[in-house]
2 protein chains.
Amino acid sequence: MDQLLALKYFCKVAETGSFTSAAKSFSVPPSSISRRVSDLEASLGTNLLKRSTRVVKLSEIGEIYFSQVSDILLQLEQSNESVRLYQSTPMGQLKISSQVSFGEQVLFPLLEEFRTRYPEIILDISLSDALSSLSHDDVDVAIRGGYAPDERVHALRLMANDFVPVAAPSYLRASGTPEDGFQLRSHQGLFFRTPRGPSPWLYKQDDQWHDVSGHPAAISNNAQWLKELGLAGKGIMMTPKWFVDPFLKTGEFVELLNDSVLSVNQDPDFAIYLLYQKPRYLVPKVKVFVDFLVEKLMRNDPKVNMG
Amino acid sequence: MDQLLALKYFCKVAETGSFTSAAKSFSVPPSSISRRVSDLEASLGTNLLKRSTRVVKLSEIGEIYFSQVSDILLQLEQSNESVRLYQSTPMGQLKISSQVSFGEQVLFPLLEEFRTRYPEIILDISLSDALSSLSHDDVDVAIRGGYAPDERVHALRLMANDFVPVAAPSYLRASGTPEDGFQLRSHQGLFFRTPRGPSPWLYKQDDQWHDVSGHPAAISNNAQWLKELGLAGKGIMMTPKWFVDPFLKTGEFVELLNDSVLSVNQDPDFAIYLLYQKPRYLVPKVKVFVDFLVEKLMRNDPKVNMG
DNA sequence: TTTTAATTTTGCTTATTAGACAAAATTAGC
DNA sequence: GCTAATTTTGTCTAATAAGCAAAATTAAAA
């Protein structure tokens, strides 16, 4: 027996005092109302209603039951409604995982605007360079440099992760400024270690990739330390532009070989990706965050994503 | 969709963290659980659970929904339980309607014992000689002299309503004591008016009924006034024995023609009846009251009832 | 990384149950 | 007693939950 349906029918009969009018408000024949209420009474072993053809009144226990049940039905409806509200309004905790450097350099400056735009969303940011799986960790969205994973997650290409060689003016004064990709080989290099080893310097000429890595002056998975070494003039660093953007503006870093095609990776799909689970029903808080980042970051790099 | 079932399934999955164990506790295949929960999610447009083959976790909104719904289910179960308790325990208001004289003379003296025996029953007694229909008035049981009605009510023959002629000793001294039914015709009579007119005096001899009504000294539908007239020696009164029982004991009334078959009615089914509705599910408070009256009143008059 | 095993989901059939509609039964009011 | 509004019952159809087996998924072990 569909007990909830029976309860709804019963309450409507109790409210209207009539099976017929209850039937009308549910657009079902009166016989359906009659049977469902009878079923309910049978399941409780009680007469909830005192029927007579003209007047339907509640029995003593029916009165009590009605007052309780109508409240319960109301509560349930409110719960359902709050779920629908949650589905339609961006709210709740939004857990974001990001690479440390990207988080610090790019993400944080944007978040204050996001927070004022969606005050009902509580941000929970964790920065880590460990590649966390969305399914393992309890995050709603993750931002990672690399390739689009083939998991069942949405991978939205946020922005290019183009690496450019930079160096401090002091280094260039001491060691000279490379005029050509191949000249990089004779320079000191500050190398970032990925899980697949130190990133090489790659130079593309005539559709050919060449390894033009310099002498390693330092290797680390800590971008911050490498940046400090670079600022101190210890060598040339291949770095995403966004990572050293403020220093390029102040002149503390100088971008080298602007027109050359240099990279740390041959794959054109290498970029910053925004990853999020693809549930059957997308939660608004995730959607608005995704839209927000697209709006803020994909203006200058309008390459589209890859489903 | 049986939403209540879906909610129960969902809550059990949330509690156990597994579709399989939820399925076991309901003794249904896991596929049923899966489908009901999916239906529920579809109807809400939300993912309530984050599934992975090994672990089933609640989503943010699922967490909220679960805490609310599990409380709602608990409330509903408690309401159902209270109905079952009501069905198994005598409790609640018991509305009793009785004839005035019977109520005062017979019923009231018994009720104190009933009240102590069933303290959870709140008695609501209304005395009236108007014949009220059970369906019209809001009474659980009615006590009426007369015949078993052919309505759809239980009519339990509580006790005989045998009428006996009584008179005060002062009257008998003044007018003589009748020795024979037919002698009543020459006496003064105190007649009770029923809705069908004044009750005649009937005398049965050789399977023949004879009207032996005396001269009406007074007619009233108020038994109390007639009794006072009788006590004052104004005439002979045909009355139910229970109505004058205390006066017979003190000698203020004398019963006449003990061995004769006298009545106010030819119908042997004329008696005091306990009437109560016959619902599909009999409420305990009514049952125990019926049993109580049978126990107290049918000891001396063990005629059985008539369904 | 590959394999294994526990678990969830899907496909399809059967059984149950709610709905639809007509007819019968009931009863308040004329 | 009759009428009209209402509830209940009978019977068929449609919707839906259960049951079972097979496929898909994935965390943990090898």
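In what follows, every chain begins at residue 1, and chains take the letters A, B, ... in the order their sequences are listed. Scope of the values below: all heavy atoms of this structure, side chains included, with no hydrogens, waters or symmetry mates.
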To the nearest Å, how far apart are [X] [atom1] and [N] [atom2]?
X: F19(A); N: dT7(D); atom1: CZ; atom2: P; answer: 6 Å
X: L40(B); N: dA17(D); atom1: CG; atom2: C1'; answer: 15 Å
X: K12(A); N: dT7(D); atom1: NZ; atom2: C1'; answer: 19 Å
X: K24(A); N: dA5(D); atom1: NZ; atom2: C1'; answer: 10 Å
X: K57(A); N: dA28(C); atom1: NZ; atom2: P; answer: 11 Å

Relative orientation of the end axes in the helix from dT1(C)-dA30(D) to dC30(C)-dG1(D), expressed as an angle to the nearest 10° (five pairs per end):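 So the angle between the two local helix axes works out to 40°.
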
dT7(D) phosphate, OP1 or OP2, under 4.0 Å from T20(A) side-chain N/O: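 Checking dT7(D) against T20(A), a side-chain N or O does come within under 4.0 Å of OP1 or OP2.
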
SB check K285(B) E60(A) (cutoff 4.0 Å):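 Result for this pair is yes, salt bridge flagged.
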
NZ/NE/NH1/NH2 to OD/OE distance under 4.0 Å, R35(B) and E41(B):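 No salt bridge links R35(B) with E41(B).
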
Ring pair (Phe, Tyr, Trp, His ring centres under 6.0 Å) pairs, two or more places apart, involving residues 17-40 of chain A: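 Passing the test, one end in residues 17-40 of chain A: Y9(A)-F26(A).
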
For K8(A), salt bridge (Lys or Arg N to Asp or Glu O under 4.0 Å) partners two or more places apart: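 By the salt bridge (Lys or Arg N to Asp or Glu O under 4.0 Å) rule, K8(A) matches no residue at all.
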
With L74(A) via side chain to side chain contact (heavy atoms under 4.5 Å, CB included) - residues at least two apart: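 Q78(A).
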
F10(B) and Y65(B) aromatic ring geometry - parallel, tilted or perpendicular at 30°/60° bounds: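 It falls in the tilted class, 30° to 60°.
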
Protein proximity profile, nucleotides 16-23 of chain C - base contact B, sugar-phosphate-only contact S, no contact -, cut-off 4.0 Å on heavy atoms: --SSBB--

Sequence-distant partners of S34(A), side-chain hydrogen bond (donor to acceptor under 3.5 Å, both in side chains), two or more places apart: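 Partners of S34(A) under the side-chain hydrogen bond (donor to acceptor under 3.5 Å, both in side chains) test: none.
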
Exercise: do N222(A) and S220(A) side chains pair donor with acceptor under 3.5 Å: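 Looking only at side-chain atoms, S220(A) and N222(A) do not form any donor-acceptor pair under 3.5 Å.
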
